[in-house]
Number of protein chains: 2
Amino acid sequence: MAQQRARAVTQRGLAELAGVSVATVSRVLGSPPEQRHRWAAPETVQTILSLAESHGYTRNPHAASLRTSRSNLVGVMVPRLQDFVLATIYEGIEEAAMENGINTYVMNSLDDTALQRTRTQAMLERRVDGLIFGDAHLDDTFLDELREQGVPLVLTSRRRDGHVSVTCDDYVGGRLVAEHLLELGRTDVVVLAGLEFASTAYDRTRGLIDRLAEAGIDVPPRQMIYRGFDTAAGRQAMREILEAGTRPNAVFATNDFAAIGALGVLQDHGFSVPEDVALIGYNDTPLAESVGIPMTTIRSKMHLMGREALLTLLALLAGKEVQSQKLEPELIVRASSAARDIT
Amino acid sequence: MAQQRARAVTQRGLAELAGVSVATVSRVLGSPPEQRHRWAAPETVQTILSLAESHGYTRNPHAASLRTSRSNLVGVMVPRLQDFVLATIYEGIEEAAMENGINTYVMNSLDDTALQRTRTQAMLERRVDGLIFGDAHLDDTFLDELREQGVPLVLTSRRRDGHVSVTCDDYVGGRLVAEHLLELGRTDVVVLAGLEFASTAYDRTRGLIDRLAEAGIDVPPRQMIYRGFDTAAGRQAMREILEAGTRPNAVFATNDFAAIGALGVLQDHGFSVPEDVALIGYNDTPLAESVGIPMTTIRSKMHLMGREALLTLLALLAGKEVQSQKLEPELIVRASSAARDIT
DNA sequence: TCGTTTACGGCAATCGTTTTCCTAGACTTT
DNA sequence: AAAGTCTAGGAAAACGATTGCCGTAAACGA
């Protein structure tokens with residue numbers, strides 16, 4: 001029979017055992033080690049500390065939060081945790097949070113603006129100290145409203161004008177792809193861009209277009225298609241492109257998963273990669289290297305992005321000045337765009 | 001300039017406005033709608049409700065938790081959220097939690113027993129009401145210790161004797177694969193089993209072996225290899241098998257991602273799937289359908305599993321009798337094991 | 001008529017911490 | 001010697017919600 005969990009010892013209990021007041025216990029237990037002596041004699045400190053240790057004392061966070069109205073909780077909103085990219089970013093957030101004694105709530109918004117609102121509300125009701133959004137929309141003002149209300153927030157993965165964010169420098173990423181294509185001489189490119197309202201899609205596409213334009217090449221609008229970031233969306237987009245009769249010699253998907261989806265469709269239609277079509281993804285997920293034909297992609301520092309986002313939020317909560325950060329992307333060339341004979 | 005968040009109205013505030021005591025406010029706001037009249041006259045109820053509404057009252061969960069020592073929080077420990085399978089299970093947990101006014105903390109244990117312990121400790125310190133573990137180990141007693149201490153917990157994804165769990169019926173899943181192979185006449189099978197200490201790996205493998213044994217076929221130990229569940233592990237395992245000179249006519253990976261890794265290696269070595277080797281995965285992740293050659297796999301109800309795990313924990317917390325559940329798996333046949341000529 | 005319910009709701013303790021004053025003595029400083 | 005300054009700590013008031021225990025009237029039963 002499982003025994004009842006013993007009622008946890010409180011500061012009051014420790015105070016009685018140590019023969020001091022709870023105030024002293026609270027001060028000793030609550031100060032960083034180097035400041036403890038400011039509140040009690042060395043031996044008192046020792047007594048309290050060892051009593052706490054031996055009785056397995058752990059502070060009741062609800063009581064502390066009630067008193068301080070600081071919860072040490074941050075809310076994280078992502079489009080979907082199933083998405084490897086966001087899961088990785090979240091791992092970075094979690095890791096940094098852990099290191100700083102912070103806990104996190106994650107929720108999926110599925111990029112649905114109604115859900116974004118209600119779930120944010122739910123986190124606010126839980127009294128989070130601040131929020132990290134991984135699902136910012138370029139075309140929705142929800143985040144602006146939230147900031148008007150004074151809710152501390154930081155964006156990651158996607159940026160939005162007027163908000164602090166930690167993202168990959170997606171515009172540069174797009175340019176890197178363009179440069180690679182220029183070197184390959186494969187500039188009749190189709191862009192599987194992702195979702196229109198995501199800055200990632202927008203910036204990556206923009207970067208590519210701009211760089212190609214500088215080389216005098218332009219990408220006709222019908223060769224840019226917005227369908228989503230996942231495998232299914234990639235398949236769908238690629239299929240539509242091919243069915244429309246377009247025959248590019250390169251495909252840039254703004255996400256590795258979309259690229260994998262596209263790869264399957266290309267092969268089904270008898271195109272070989274990279275001989276007929278060079279294929280480039282984005283994010284350098286582990287799968288990029290492992291699918292049938294290793295894929296060229298842009299490596300983005302997802303884990304670090306999460307860490308920095310959390311750290312930025314913490315700085316913001318501490319009242320410091322904070323700035324947006326763009327992490328440097330890196331081109332990883334693999335077989336899917338290897339320079340071979342160009343037909 | 002962002003204005004300060006207005007100090008939220010409390011029950012006391014509402015009580016003053018309504019001209020009643022906080023006790024009444026608490027009771028009205030805290031009871032389910034059909035019981036509210038037990039505490040106040042209809043018009044009093046109305047006044048309080050509309051005041052709460054118009055002032056945007058939200059209960060302070062810290063205060064409530066402090067008083068009731070019930071946090072409405074549950075901790076969820078997974079090996080890794082990057083893993084699509086666990087991310088999906090977690091989505092199910094989250095969804096059911098949301099519906100029941102519960103919040104969740106997730107953490108990654110990376111299947112490291114030390115991390116499992118410290119992070120569980122961290123959740124307990126946050127005063128979670130109960131825990132869901134998606135990372136149970138067959139060979140570690142940590143969970144038993146935890147139960148001894150009276151911590152309410154439910155397992156999911158992986159089971160462990162003596163604990164309540166909600167899992168896929170992996171043994172049956174393994175048998176389904178075996179039956180499929182028997183029908184195909186492909187019984188010289190290699191099993192990329194995953195991680196030894198995971199019941200998923202163990203049961204799926206066991207199910208396969210047992211069913212084949214019933215047909216008089218046995219799988220030599222050197223054709224079963226434990227390397228992990230992800231793509232990299234799948235590659236590694238497959239490579240080792242082939243380098244050892246083994247030439248199976250079927251490969252069963254206990255996870256789709258491992259199967260995808262294996263697929264790449266098989267192709268690199270000049271084996272074609274399914275002609276030379278039939279390939280079967282597990283879980284029916286979206287990728288299974290989308291990789292170059294659509295993959296035969298076992299569909300497991302991951303989302304539902306998460307939901308049921310949470311519901312089971314809630315029942316447990318409510319003091320009800322709860323039982324383990326095994327969700328029915330389903331064989332999905334696709335091209336990677338399509339019955340064609342057998343060489 | 002008197003006793004008993006029922007409806008409606010208040011009092012006040014409590015949950016565990018933090019933090020703002022205080023203080024009593026010991027030491028310095030001038 | 002008087003006045004400051006530390007040291008080491010205490011008292012008690014919050015923080016916001018819940019809940020066991022009562023109280024008062026009106027309604028009802030016999």
Side-chain angles (χ1 to χ4, degrees), chain A residues 5-32 35-49 51-52 55-73 101 125-127 129, chain B residues 5-32 34-49 51-52 55-73 101 124-127 129:
Chain A
R5 254 192 290 182
R7 202 170 222 347
V9 61
T10 67
Q11 290 189 353
R12 164 142 63 171
L14 296 179
E16 278 165 13
L17 291 169
V20 299
S21 75
V22 295
T24 302
V25 174
S26 174
R27 290 192 273 240
V28 168
L29 261 23
S31 323
Q35 282 186 22
R36 289 208 260 262
H37 71 279
R38 289 184 27 75
W39 295 109
E43 41 178 330
T44 312
V45 170
Q46 256 320 303
T47 312
I48 295 177
L49 253 27
L51 241 26
H55 287 71
Y57 169 80
T58 60
R59 150 188 299 102
N60 182 320
H62 302 302
S65 296
L66 174 58
R67 178 61 235 252
T68 60
S69 57
R70 235 266 192 180
S71 62
N72 290 317
L73 243 34
E125 282 173 17
R126 272 292 180 177
R127 304 303 203 260
D129 290 333
Chain B
R5 252 191 292 181
R7 201 169 223 349
V9 61
T10 68
Q11 288 189 353
R12 165 143 61 172
L14 295 180
E16 277 163 15
L17 291 170
V20 298
S21 75
V22 295
T24 303
V25 173
S26 174
R27 289 192 272 241
V28 168
L29 261 23
S31 322
E34 68 280 10
Q35 281 186 23
R36 288 209 260 263
H37 71 279
R38 288 184 30 74
W39 296 109
E43 42 178 329
T44 312
V45 170
Q46 257 320 304
T47 312
I48 295 177
L49 254 26
L51 241 25
H55 287 71
Y57 169 79
T58 60
R59 149 188 301 101
N60 182 320
H62 302 302
S65 296
L66 175 59
R67 178 61 233 254
T68 61
S69 57
R70 235 268 194 180
S71 61
N72 290 316
L73 242 35
L124 256 15
E125 282 172 18
R126 271 292 179 177
R127 303 307 201 257
D129 290 333

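Basis for what follows: all heavy atoms, side chains included, without hydrogens, waters or symmetry-related copies. Every chain is numbered from 1, with letters handed out A, B, ... down the list of sequences.
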(request) Would you kindly give the CG-to-C1' distance between Leu66(B) and dA14(D), to the nearest whole Å? (result) 13 Å
Please write out the pairs of protein N or O atoms and N or O atoms of nucleotides 5-7 of chain D separated by less than 3.5 Å, giving the distance to one decimal.
none

(request) Whole angstrom is fine here: how far is it from CZ in Arg59(A) over to C1' in dG16(C)? (result) 11 Å
(message) As an exercise, state the distance from CG of Leu73(A) to CZ of Arg126(A), rounded to the nearest 0.5 Å.
(response) 8.5 Å
(message) Quick one, Leu51(B) and Val25(B) - any side-chain contact, counting heavy atoms below 4.5 Å?
(response) no
(request) Using a 4.0 Å heavy-atom cut-off across all strands, classify Ser26(B) as base, sugar-phosphate, or nothing. (result) base
(request) Please tell me which of Val45(B) and Ala64(A) maps to the more 5' nucleotide of DNA chain C, matching each residue to the nucleotide holding its nearest heavy atom. (result) Val45(B)
(message) Which residues pass the side-chain contact (heavy atoms from CB on, under 4.5 Å) test with Ser26(B), not counting sequence neighbours?
(response) Gln11(B)
(request) Taking side-chain contact (heavy atoms from CB on, under 4.5 Å) as the test, write out the residues that go with Glu125(B), two or more places apart. (result) Thr58(A), Gln121(B)
(message) My understanding is that only residues two or more places apart in sequence, or in another chain, count here; which of them pass side-chain contact (heavy atoms from CB on, under 4.5 Å) with Ser31(A)?
(response) Gln35(A), Arg36(A), Trp39(A)
(request) Would you tell me if any nitrogen or oxygen in the side chain of Thr44(B) comes within less than 4.0 Å of OP1 or OP2 on dG9(C)? (result) yes
(request) Tell me which nucleotide among dG9(D), dC8(C), dG16(C) gets nearest to the side chain of Ala41(B). (result) dC8(C)
(request) Determine the contact category for His62(A): base if any of its heavy atoms lies under 4.0 Å from a base atom, sugar-phosphate if only primed atoms, P, OP1 or OP2 are that close, otherwise nothing. (result) nothing
(message) Output the rounded distance in Å from CD (Gln35(B)) to C1' (dG9(C)).
(response) 17 Å
(request) In whole angstrom, give the distance that lies between atom CD of Glu125(A) and atom C1' of dG16(D). (result) 15 Å
Please list, pair by pair, any protein nitrogen or oxygen found under 3.5 Å from a nitrogen or oxygen in nucleotides 10-13 of chain C.
| residue | atom | partner | partner atom | Å |
| --- | --- | --- | --- | --- |
| dG10(C) | OP2 | Ser21(B) | N | 2.7 |
| dG10(C) | OP2 | Ser21(B) | OG | 2.7 |
| dG10(C) | OP2 | Thr24(B) | OG1 | 2.6 |
| dG10(C) | N7 | Arg27(B) | NH2 | 3.0 |
| dG10(C) | O6 | Arg27(B) | NH1 | 3.3 |
| dG10(C) | O6 | Arg27(B) | NH2 | 2.7 |

(message) So, taking the atom named CG in Leu66(B) and the one named CG in Leu66(A), what distance separates them when rounded to the nearest 0.5 Å?
(response) 6.0 Å
(message) Please report the distance, rounded to the nearest Å, between CD in Gln11(A) and C1' in dG10(D).
(response) 15 Å
(request) Could you tell me the separation between the CZ atom of Arg12(A) and the P atom of dA12(D), rounded to a whole number of Å? (result) 14 Å
(request) Look at the side chain of Ser71(B) and the backbone N and O of Arg127(B), then say whether any donor-acceptor pair between them is shorter than 3.5 Å. (result) yes
(message) Can you measure Leu29(B) atom CG to dT19(D) atom P for me and round it to whole angstrom units?
(response) 13 Å
(message) Any non-hydrogen side-chain atom of Asn60(B) less than 4.5 Å from a side-chain atom of Thr10(B)?
(response) no
(message) Under the rule for side-chain contact (heavy atoms from CB on, under 4.5 Å), what residues qualify as partners of Glu16(B), not counting sequence neighbours?
(response) Arg12(B)
(message) Rounding to an integer number of Å, can you tell me how far Asn60(B) CG sits from dC15(C) C1'?
(response) 13 Å
